[in-house]
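Reviewing the structure listed below.
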Amino acid sequence: MNSLERRLQLGISLSLVLLIGLLWAAGNHSIRKLTEDFVTSRLEHDAESLLAALVLDSDRADVHLRRIHQIYTQPLSGHYYAILLDNGVELFSRSLWDQSMIIPKLAPGESTRMRITGPSGQQLLLWAKGYHKQNHRISIAVAEDLSSIQEQRDQFMRTFALLAVSGLVILLAIQSILVRRSFRRLEPVREDIRRLEQGKTDKLSENVPAEILPLVQELNHLLGLLAQRLERSRNALGNLAHALKGPLNILVHFFDSRENSEGDNLECNQARAQVERVRQLMDRELKRARLVGGGIKSQRFDPQVELPDLIRALKQVHRNHPVEIQYQLDTDSPTFGDREDMLELLGNLLDNACKWASSRVDFHLTGRRNIRIFVEDDGRGLSDRDLDLLTQRGVRLDETVEGHGLGLAIAKDIVKLYGGNIAFGRSKELGGLKVSITLPPIEGTSS
């Protein structure tokens, strides 16, 4: 059964049935005990009256009938008594007619209650107690027929059961309506998803029940990440197209003019150089892919786990130019941002630092909500004018170093998408470039 609505209705229905059943059982037990306690109280009063009406002489014992209720003198009236003296004398009510009751011999103050079968198969409730009067130990038992009371009680329980079943049916109908109306509140979410598929909206409405609000928020977060990646992909394609445009134009010009040119060897060398530049561009993109890695989409970036792997990959990429990369993380550094975004951001920063460093790169990440990142190298540093040019697309400050000026511009784009700040300056400790990044509280950041 995969339907949540049916499961909920079944669970509520079973709960209501169990509740009504328990109420009926508890009501039946309580009413039975209440009636028996009431009858027992009345029998106890009659026993006290019998004790007062009992006359004990030296040679006989008798009960003054005028001092007890007349119902005990009517044959088979359903009300009976029996008196047992310590000398073996037994006295029975006239209502027993020619029958008798066997009663227990009780010590003074001792009492008991039991059910017995009386005359004509009557179901009797018997109450007996031991007394002491005029130096005699006396046991008095009083019994009453419960047939009429049981019939009234059974009638009440049948009425109660009928009302309970009717109430159960009404409650089941009401809860079915309420459950269906509650699940109808999910229809706007389904409609939003349909509109999202049709391109009529870019996010889901968060005006939903609190139980599914976290799910909708997470979906909106994923949609935002997809939109950011699409924008970066378009920028990357534009960057690649712009970088390839010049080399390809030269190649086209070379092949167009080759037949009329006298310097074939020189132009062939130029062509080979441009082809080599295209190859370097492709290698650069492959290196970036190695830095980002596989990972799971929308997985949070864990610096404690990911940074060592990233540094090992960078050392492999720059194995021809060994650089010592030192990093420092707070012991309680949280996970934050999207894994691929942060790997691309830090990968570009560290890769750029490794290219320009002489022998050392320092990395420091701190903060729990506002994430602060610092990347420094021991290169020759930059002038103020060069610092202003750093984030312009395609601008390179040293043509002798492999790369095409896109790494820091891409880093700036990622920081901008996350609403953060990036600043460039001179490292006081190492003397080279220092990149400082501040990221505001990012949705999904956790400790």
Side-chain angles (χ1 to χ4, degrees), residues 284 287-293 295 299-383 386-387 390-391 396-398 400-403 405-412 414-415 418 420-439 442 445-447:
R284 171 63 179 166
K287 289 178 181 179
R288 286 180 57 199
R290 288 179 60 189
L291 294 179
V292 173
Q299 180 180 349
R300 299 300 174 197
F301 177 77
D302 187 349
Q304 302 285 354
V305 176
E306 305 289 354
L307 195 60
D309 293 337
L310 177 61
I311 291 176
R312 281 194 293 269
L314 283 167
K315 288 182 178 180
Q316 182 65 23
V317 170
H318 296 277
R319 58 184 179 275
N320 295 328
H321 175 55
V323 175
E324 180 185 2
I325 304 176
Q326 299 182 0
Y327 67 94
Q328 181 180 356
L329 303 174
D330 291 350
T331 56
D332 57 349
S333 296
T335 60
F336 62 95
D338 177 75
R339 178 181 180 273
E340 293 186 12
D341 288 344
M342 295 302 110
L343 281 175
E344 186 171 6
L345 171 63
L346 301 183
N348 276 294
L349 292 177
L350 290 172
D351 180 56
N352 184 80
C354 289
K355 287 190 299 184
W356 292 88
S358 297
S359 61
R360 177 180 170 185
V361 172
D362 284 358
F363 176 90
H364 185 204
L365 187 150
T366 185
R368 294 187 54 80
R369 289 186 56 80
N370 286 0
I371 306 299
R372 297 181 60 84
I373 300 171
F374 304 96
V375 180
E376 306 174 64
D377 63 71
D378 62 349
R380 57 185 176 87
L382 299 173
S383 65
D386 290 339
L387 289 175
L390 270 181
T391 56
R396 290 187 55 204
L397 302 181
D398 189 349
T400 64
V401 179
E402 178 188 356
L406 298 176
L408 294 179
I410 292 173
K412 181 180 178 182
I414 295 175
V415 173
Y418 277 84
N421 296 315
I422 184 169
F424 301 94
R426 181 179 295 275
S427 172
K428 295 181 179 180
E429 180 179 353
L430 302 182
L433 178 67
K434 178 178 181 180
V435 182
S436 303
I437 294 176
T438 301
L439 297 177
I442 301 174
T445 299
S446 60
S447 58

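Keep in mind that what you see is a predicted model, and the values were worked out from it rather than measured.
A salt bridge is defined here as a Lys NZ or Arg NE, NH1 or NH2 lying under 4.0 Å from an Asp or Glu carboxylate O, and Glu376 with Arg426 fails to meet this definition.
Looking at heavy atoms from C-beta onward, Leu365 lies out of side-chain contact with Gln328 at the 4.5 angstrom threshold. Asp362 places a side-chain heavy atom less than 4.5 Å from the side chain of Arg360. The shortest distance between side-chain heavy atoms of Val361 and Leu314 does not fall below 4.5 Å. At least one side-chain heavy atom of Gln304 sits under 4.5 Å from a side-chain heavy atom of Ser333. Using a 4.5 Å heavy-atom cutoff, the side chains of Tyr418 and Met342 are in contact.
Between Ser358 and Asp378, the closest heavy-atom pair is N-OD1, 2.8 Å. Between Cys354 and Val323 the shortest heavy-atom distance is O-CG2, 3.8 Å. Closest approach of Ile371 and Pro334 over heavy atoms only: CD1-CG, 4.0 Å. Gly347 and Leu310 make their closest contact through N-CD2, 4.0 Å (heavy atoms, listed as atom of the first residue, atom of the second, distance). Shown here for Asp330 and Gly367, the closest heavy-atom pair between the two residues is OD2-N, 3.4 Å.
Looking at His321, its side chain does come within 3.5 Å of a backbone N or O of Ala357 through a donor-acceptor pair. Side-chain N or O atoms of Asn352 include none that pairs as donor or acceptor with a backbone N or O of Asn348 at under 3.5 Å.
Inspection of the Gln326 and Glu324 side chains reveals an N or O donor paired with an N or O acceptor under 3.5 Å. Side chains of Asn370 and Thr438: a donor-acceptor N/O pair is absent below 3.5 angstrom, by distance only.
Note that CD1 of Ile414 and CD1 of Ile422 are 9.5 Å apart. Values are rounded to the nearest 0.5 Å. For the atom pair CG of Asn421 and NZ of Lys412, the computed distance is 11.0 Å after rounding to the nearest 0.5 Å. Summarising the geometry, atom NZ belonging to Lys434 is positioned 13.5 Å from atom CZ belonging to Phe424; distances are rounded to the nearest 0.5 Å. Here OG of Ser427 is found 7.5 Å from CG of Asp377. Values are rounded to the nearest 0.5 Å. Remark: His318 NE2 to Leu350 CG distance equals 9.0 Å, nearest 0.5 Å. Atom CG of Leu349 sits about 8.0 Å away from atom CZ of Phe363, to the nearest 0.5 Å.
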**OP:** Check the pair Leu307 / Leu329 against side-chain contact (heavy atoms from CB on, under 4.5 Å), numbers first and verdict last.
**Re:** CA-CA 10 Å; Leu307 195 60; Leu329 303 174; 3.8 Å; yes
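Under the 6.0 Å cut-off for aromatic ring centres, Phe336 and Phe301 qualify, their centroids lying closer than that.
Heavy atoms of other residues, nucleotides or ligands lying less than 6.0 angstrom from OH of Tyr327 number 12 at most.
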